[in-house]
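Below is one structure, written out as C-alpha cells, with a few remarks after it.
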2 protein chains.
Amino acid sequence: MDRGPMTDSAFQTAVHTTRFLAADAVEQAASGHPGTPMALAGIAVDLFSRYLRYVPEEPLWPNRDRFVLSCGHASMLLYSVLHLAGFSLSLDDIKAFRQWGSKTPGHPELGHTPGVEMTTGPLGQGIATAVGMALASKMAGARVNTAGATIIDYRVFAIASDGDLMEGISGEASSIAGHLGLDNLVVIYDDNRITIDGETSITFTEDVGKRYEAYGWFVQRVDGHDPEAVRAALDRAVAEPARPSFIIARTHIAIGAPTKQDKSSAHGAPLGRAEIDGAKRAVGFPLEPFHVPEDAYVPFRNWTEQNRTRLAAWKGAVAALKGDRLTTWTDLSQRRIPADLFGQLVATAPTKSDATRSLGAEVEQKVAVLVPSVVAGSADLDASCKTAIKGANDVGPTHFAGRNLHYGIREHAMGAIMNGLALSGFFIPIGSTFLMFADYVRPAVRLAALMEQQAIYVFTHDSFFVGEDGPTHQPIEHLWALRLIPNLDVVRPADGLECAVAWTHAMTRRAGPTALILSRQKLAAIPRPAGFDPQTILNGAYVVADTTDPTLVLIASGSEVEPALGAKPLLEAKGHRVRVVSVPCWDAFARLPPTEQEAVLGVGARRVSIEAGTTAGWRGIVGTNGIVIGLDRFGASAPAERLAVEFGFTAERVAERIQAAL
Amino acid sequence: MDRGPMTDSAFQTAVHTTRFLAADAVEQAASGHPGTPMALAGIAVDLFSRYLRYVPEEPLWPNRDRFVLSCGHASMLLYSVLHLAGFSLSLDDIKAFRQWGSKTPGHPELGHTPGVEMTTGPLGQGIATAVGMALASKMAGARVNTAGATIIDYRVFAIASDGDLMEGISGEASSIAGHLGLDNLVVIYDDNRITIDGETSITFTEDVGKRYEAYGWFVQRVDGHDPEAVRAALDRAVAEPARPSFIIARTHIAIGAPTKQDKSSAHGAPLGRAEIDGAKRAVGFPLEPFHVPEDAYVPFRNWTEQNRTRLAAWKGAVAALKGDRLTTWTDLSQRRIPADLFGQLVATAPTKSDATRSLGAEVEQKVAVLVPSVVAGSADLDASCKTAIKGANDVGPTHFAGRNLHYGIREHAMGAIMNGLALSGFFIPIGSTFLMFADYVRPAVRLAALMEQQAIYVFTHDSFFVGEDGPTHQPIEHLWALRLIPNLDVVRPADGLECAVAWTHAMTRRAGPTALILSRQKLAAIPRPAGFDPQTILNGAYVVADTTDPTLVLIASGSEVEPALGAKPLLEAKGHRVRVVSVPCWDAFARLPPTEQEAVLGVGARRVSIEAGTTAGWRGIVGTNGIVIGLDRFGASAPAERLAVEFGFTAERVAERIQAAL
C-alpha cells in the first residue's frame with residue numbers, strides 16, 4: 001500500500017478521538033451504541049487513512065472506494081471518522097446525533113450524510129449490498145476500462161457484525177460473491193463475541209471462517225486491536241487476485257471502558273459518564289466531551305492528498321475517452337434513457353393476447369436495447385419470469401461484461417445485490433421471481449424504497465391463477481402488502497399496451513423502486529376506444545369501457561380487467577349501466593388530485609373492485625356503499641380454470657357476485 | 001438397524017413404482033415436477049421401509065419419526081411412497097394429483113394428506129422447520145422421559161434440494177441445529193446439480209459439505225443411486241451421538257429418462273409419454289400408467305409390522321406413566337390450558353402505566369406458569385422484547401429441559417423453528433423481535449397461518465415512537481401488512497388489561513398464529529367506566545370513552561388510544577360529541593356481524609382512525625366521509641416526543657388534524 005508520512009502517535013490520537021466522539025455523542029443523545037465504535041475505531045481509522053480511495057469534497061466520485069458499515073447501529077463510528085476525514089460533517093453535526101433533521105441519524109442513512117454509501121441498520125443488508133456494489137465495479141469496469149485506461153475499478157470495504165453473519169441474507173450473498181470471485185470486496189468481521197442477549201456462545205458457535213472458506217473466500221484471522229496485524233491482513237486482502245476477502249478481527253466491545261468492556265451492556269445504551277471518563281483517563285485523553293485534538297486530523301489529510309492526485313488522474317482518463325468508449329461511459333454514468341422512451345415502447349407494444357409475463361418480457365427486450373444500464377437477473381426463475389436479456393451474455397466468474405445475472409434461489413440476496421448495483425450509479429437492475437416470494441425479498445425492497453433507489457422487480461405468477469401449485473405459490477395478500485410500502489410503486493398491467501406503459505413507468509421512476517406484477521396465464525388483449533391516448537395509462541387508472549351516466553363502476557387490475565369487461569354486458573342485461581376502469585398502478589393514481597380521481601372512478605355510481613387478492617385496501621377506494629370482489633382466504637391446488645369458478649373470478653361469477661351484493 | 005426380510009427385488013420394484021407413479025401423475029395432471037421424485041425414489045423407499053418409525057393407521061402417533069420433504073415441489077415422491085406404505089391415500093387419490101379437493105395437492109399440505117407432516121413448497125422452510133421438530137423431540141423428551149421409560153425420542157428425516165440450501169433460512173436454522181447438537185436430525189441433500197435455470201454451476205459452486213461441517217454437522221457424501229451406500233450413510237447418521245447429520249447424495253434428476261435425465265427440462269414440467277415409456281422399458285416396467293405391482297407394497301408391510309410392535313410398547317410405557325410424569329405428559333401432549341385462563345389473566349392484569357412490552361411481559365410470565373407447553377425465544381432481543389420466561393432455564397446443547405430459546409439474530413429461522421415446535425404437538429412457541437423485523441420472518445409466519453399452527457409472535461417497538469433509531473427501525477406499513485395475511489390475528493393492546501386479554505386471545509387461538517404488537521414507550525393506563533366487562537375486549541374493538549349521540553368516533557389502537565382519549569376533551573371544547581373506540585384486534589372485530597360492528601363504530605357519526613402507520617386499510621373502516629390520521633411516509637431519527645409532534649400524534653396535534661379535516 002501507498003502510505004503517507006503518518007506517525008503512530010497521530011494514528012493513536014485519531015483512534016482515541018474516534019472512540020470518544022462516539023461515546024460522547026451516545027451519552028449526549030442518551031441513546032445509541034457506544035461499544036462497537038470504541039472497538040472498531042482502529043480499523044476504521046486505518047481504512048479511512050490508508051486504504052479507502054476517496055476525496056471528501058467530491059464524495060460522489062464515481063470510482064471512489066465504497067465503505068459499508070453493515071452493523072449500522074455503530075453509526076457513530078462512521079460519523080466520527082467521516083468528520084476526521086474531512087467530509088462535510090461538523091462537530092456540531094456530531095453533537096446533534098440522533099436529533100430531528102440532523103446529518104447524524106441513529107443509523108447511517110443514504111442522502112443525509114456525505115460519505116454514507118447506503119442506509120444500514122437491518123442486519124445482513126449491508127454486507128449483501130456490498131456484494132452488489134463490488135459486482136457493479138466489476139461489471140462497469142468490464143465495459144469501460146481498456147488496457148490503457150482504468151475508469152472503474154473501485155473496491156468495497158465492509159464491516160460486519162455477528163448479527164450480520166447470523167442473518168441468512170449474508171450467507172446467500174456471500175455464496176454469490178465467492179462464486180463470482182469478487183476480489184475487490186473486503187469484509188472485516190467484528191468478532192466481539194457479544195450480542196444484545198449476551199455472549200455469542202449461547203447460540204453462535206459455528207466456525208464462521210470455515211464457512212466463508214466453503215463459500216470460496218480468502219479468510220484471515222487477526223487481533224483487531226493490533227494495527228500491524230490488521231494492516232498486514234488488509235494488504236493481503238487487497239492484493240488477493242481471485243477471491244473476496246474475509247478478515248476475522250477479534251475485538252473487545254467497548255475496549256478500555258473500566259467495567260463495561262466485553263459486556264452486552266456496552267452494546268446498545270450509553271456507557272455512563274464514569275465509564276467514559278475512566279476510559280479517557282486510562283489513555284490520557286482530555287475528559288471534556290467532544291474534544292478533538294488537532295493531531296487527530298493528520299493521518300486523513302496526508303492520505304486525502306494522495307487521493308486527490310488519484311482523482312485528478314482519473315479525471316484525465318475520463319476526459320480522454322472517445323468514440324464508443326465515451327458513449328458507453330456516458331450511458332452508464334448517467335444511466336441514460338431515451339427521452340422518447342414512452343413513445344418507442346408504446347409504438348411497439350405487443351397487441352396479442354398472452355400472459356403479461358410474456359408481453360412484459362417482450363417490452364423488456366426493447367428496454368434493454370434502448371438502455372445499456374439495464375441488467376437483469378432472476379432468483380432461478382428466468383425460465384418462468386422470462387427476464388433474461390436476449391443476446392446478452394451471462395455475468396460469471398472472470399466474465400463481467402454480460403448483462404444477465406444468476407442469483408440462484410436466493411431472493412433476499414437478489415434484492416440486496418440489486419440495491420448495490422443501483423447504488424453504484426451505473427446500473428438499473430431488474431430482478432425476477434414469483435410474486436409469492438416477494439415475501440422473501442421484502443426487507444431489501446423496503447430498503448430500496450427508503451434509499452430512493454431505482455430497482456425493478458418483476459414478480460410473476462401473481463394470483464391463484466397459478467393453479468396447480470397451490471396455496472404456497474398463490475399470492476393473496478401480496479399485492480396490497482407491497483402497495484403499503486412507502487415509495488414503492490406497484491404496477492399490474494392487464495395487456496401488452498399496459499405492459500409498455502408499465503415499463504416506461506418503472507424506467508422513468510428514478511428515485512424509487514417499482515414492482516411489475518405479471519400473470520402466469522394468458523390474458524385477452526383489451527379493446528380500447530378509437531383515439532385512446534396511451535398517456536392516460538400513466539395516470540395509474542383509466543376508463544377502458546364506458547357508458548353514459550354509469551350506475552356501476554367496475555375497478556379492476558391486471559388479469560381481472562378481462563372478467564370485468566366480460567361482466568359488463570351481463571350486468572347491462574340486468575339493467576345496469578357499467579363503466580370499467582383498469583388500475584395498473586394505484587400508487588400513481590392516488591397521487592392525482594381528488595377531482596381527477598373522481599373523474600375516473602365516478603361519484604354517483606356504486607364502485608366495485610375486482611382483484612384476485614385481499615380486499616382490505618380496496619374497501620376505502622370503493623367507499624361505504626361499494627362492493628369488493630376479492631379473495632381473503634388462502635388459495636388451493638387445482639387447475640386455474642376450476643379455481644376461477646370456485647373463487648368467483650369468471651365473468652359470469654363476477655356478475656353474479658355483484659348482483660348478489662346489490 | 002433392525003431390518004425385515006426384504007428382498008432386493010421387492011425394493012427395486014417399490015423404487016420403480018414410486019418413480020413411475022410420480023411421472024404418470026405429473027403427466028396426467030399436465031403439470032408438476034417429475035424429475036426429482038424419479039431421482040429420489042430409492043432414498044424415499046429406503047427411508048419409509050427401513051428407517052422411519054411410523055404406523056400408517058395411526059399417522060399422529062406422538063413419537064413417530066417425522067419426514068419432511070423440504071423440496072415440496074417433489075410432492076409426488078411423497079404421495080407415491082405414502083401410498084405404498086399403507087397410509088390412507090389410494091391410487092385414485094394419486095390419479096387426482098393437483099385437482100380441486102384432492103388429497104394430493106401440487107405441494108404437500110398439512111391436513112390434506114395423512115403422513116404429510118408439514119406444508120412445503122417455499123424453499124428453505126422445510127429444512128428449517130425440521131430443525132424445530134427435532135428440537136421439540138429433544139425438549140419433550142427431556143421433560144417426560146425417565147431412565148426406565150422413553151416416551152419421546154422421535155427422529156426427523158428431511159430431504160432438501162439445492163434450492164433449500166441456497167436460501168438463507170436454511171443456513172440460519174442449520175447453524176442453530178449444529179449449535180444445539182441435534183443428533184436426531186438427518187438431512188439428505190439431493191445434490192442433482194440442476195435447477196430451473198440450468199446447472200447449479202452457474203451460481204452455486206460453494207462447498208456445501210464444508211459449510212455444514214462449519215455449522216458443526218456430521219457430513220457424509222454418497223452416490224444417491226447406490227442403495228448400499230445410502231443405507232450405510234443412514235446407519236452412521238442415525239448412530240451419530242452428538243451432531244445433526246447431513247448426507248450429500250449425488251443424484252441424477254429424472255434418472256432413466258431417455259433424453260431428459262440430468263436436464264432442467266425434467267424439473268418442472270411433464271416428461272412426455274415417450275420419455276416415461278422409454279424409462280419404463282429400460283427397466284422392464286409395464287407401460288400402463290399408474291401400474292402398481294403387488295410386490296411394491298412388500299418392503300413397507302414388513303417394516304410396518306415392526307413399527308406396530310414399537311407402537312404397542314410405546315402405548316404400554318405411556319399407560320405406565322403416573323404422578324408428576326403423567327401430569328407433565330398430559331400437559332404437553334394436550335398442550336393443556338386452564339379453562340379459566342381469561343379470568344386468571346384479567347384478575348391479575350397489570351394496572352400501571354407502562355410500555356405494553358413490559359405489561360405484556362408481566363402477563364406472559366403468568367401464562368408461562370399456567371401453561372407448561374409454552375416456550376419462549378427471541379432473535380437476540382430478549383433484553384428489549386422481554387419475553388424470556390423467568391425462573392426457567394435456557395435450552396442449549398445437551399440441556400433441553402429449559403423453556404427459553406436463543407435464536408440469535410436469525411428471525412426467519414426463528415419463525416420456522418417455531419413452526420416445528422408447534423407441529424410437534426407439544427409446544428406453544430413464543431418468539432420475539434422488533435415489529436420492523438416481521439419482514440424478515442414473514443414467509444414463516446404465512447406458513448404458520450396456512451398450516452393453522454399456534455405460534456405467538458411478540459413484535460415490540462411497534463411504531464415511529466421507537467424514536468432515535470430512525471426509519472430502518474420504525475415500522476410504518478407493518479401493522480396492515482400483517483393484518484392482510486389470512487388466518488393471522490394481529491393484536492395491538494393499549495394497556496395492561498388489554499395485554500391480559502391479548503394473551504388470552506393468543507393462547508386460546510389454537511388453529512392459527514397470533515402477533516402481539518407492543519410498544520417500546522410507556523403508555524398511560526386507560527380509564528374505563530365502572531362496571532366495564534373485560535370480555536368485551538375480546539370482540540376486538542370496544543368503546544373506551546363515550547358520550548351521548550356522538551358526532552365523532554375516534555378509532556385507535558395500541559399507543560394511539562392515549563392521544564385519542566386526550567383529543568376527546570379538546571374536540572368537545574370545539575362543540576363535537578366524541579366517542580373513543582379502542583381496536584386491539586381488527587381481525588377479530590371484522591368477524592363480528594355488521595350490526596355488532598356498527599354498535600361500536602357508530603352509524604351516523606364521522607369516523608376517525610388514529611394509528612401510527614399506513615392508512616390504506618383504515619380508509620374502508622372509516623368510510624367515505626371518514627378521516628384517517630396515520631403515517632404514509634417513512635419515519636425519521638429523533639427523540640420520540642419530537643416525532644410525535646412532527647408526525648402529528650400528540651393529543652393536541654390529533655385534535656388539530658381532525659378539526660382541519662372536518
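Quick note on labels: first sequence line is chain A, next is B, and so on, each numbered from 1.
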Which atom of [X] lies closest to which atom of [Y], heavy atoms considered:
X	Y	result
B/Pro471	A/Glu109	CD-OE2, 3.0 Å
B/Ala638	A/Gln99	CB-C, 4.0 Å
B/Ser637	A/Arg98	OG-CA, 3.6 Å
B/Trp480	A/Ala616	CZ3-CB, 4.2 Å
B/Gly168	A/Glu172	N-OE2, 2.5 Å
B/Gly408	A/Thr203	CA-CG2, 3.5 Å

Could you tell me which portion of [X] (side chain, backbone, both or neither) has an atom closer than 4.5 angstrom to a non-hydrogen atom of chain A?
X	result
B/His112	neither
B/Ala449	both
B/Ala636	side chain
B/Ser31	side chain
B/His107	both
B/His406	both

Toward chain B, the part of [X] with a non-hydrogen atom under 4.5 Å:
X	result
A/Tyr407	backbone
A/Thr120	backbone
A/Leu381	both
A/His73	neither
A/Thr200	neither
A/Arg211	both
A/Ala30	neither
A/Asp632	backbone
A/Thr119	side chain

Against chain B, work out which of [options] has the most heavy-atom pairs shorter than 4.5 Å and name it.
options	result
A/Gly32, A/Pro122, A/Pro105	A/Pro122
A/Ala379, A/Gly623, A/Pro639, A/Ser75	A/Pro639
A/Asn487, A/Thr205, A/Ile169, A/Leu450	A/Leu450
A/His179, A/Arg619, A/Arg483	A/His179
A/Asp207, A/Asp380, A/Ile196	A/Asp380

Got a salt bridge between A/Arg446 and B/Glu477, using NZ or NE/NH1/NH2 to carboxylate O under 4.0 Å?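 Salt bridge present between A/Arg446 and B/Glu477.
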May I ask you to decide if [Y]'s main-chain N or O and [X]'s side chain share a donor-acceptor pair within less than 3.5 Å?
X	Y	value
A/Thr624	B/Thr624	yes
A/Asp439	B/Pro443	no
A/Tyr440	B/Arg442	no
A/Glu468	B/Gly106	no
B/Thr614	A/Leu484	no
B/Asp382	A/Asp197	no

If I take atom CZ from residue A/Phe204 and atom CD1 from residue B/Ile409, how far apart are they, to the nearest 0.5 angstrom?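 A/Phe204 atom CZ to B/Ile409 atom CD1 measures 8.5 Å (nearest 0.5 Å).
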Among the options B/His412, B/His473, B/His33, pick out the one with the most heavy-atom pairs lying under 4.5 Å from chain A.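 With the most close heavy-atom pairs to chain A, the winner is B/His473.
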Among B/Ala383, B/Gly470, B/Gly216, who wins on heavy-atom pairs under 4.5 Å with chain A?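 Option with the greatest count: B/Ala383.
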Could you walk me through whether B/Met166 and A/Glu411 pass the side chain to side chain contact (heavy atoms under 4.5 Å, CB included) test, one step at a time? CA-CA 10 Å; B/Met166 283 192 251; A/Glu411 297 83 6; over 6 Å; no
Using the side chain to side chain contact (heavy atoms under 4.5 Å, CB included) rule, take A/Glu646 and B/Trp100 through it: C-alpha gap first, then chi angles, then the decisive distance, then the call. CA-CA 9 Å; A/Glu646 297 289 344; B/Trp100 177 260; 3.3 Å; yes
Salt bridge (Lys or Arg N to Asp or Glu O under 4.0 Å), that's the test. Do A/Glu213 and B/Lys210 meet it? Break it down for me. CA-CA 8 Å; A/Glu213 284 167 5; B/Lys210 184 170 180 177; 3.4 Å; yes
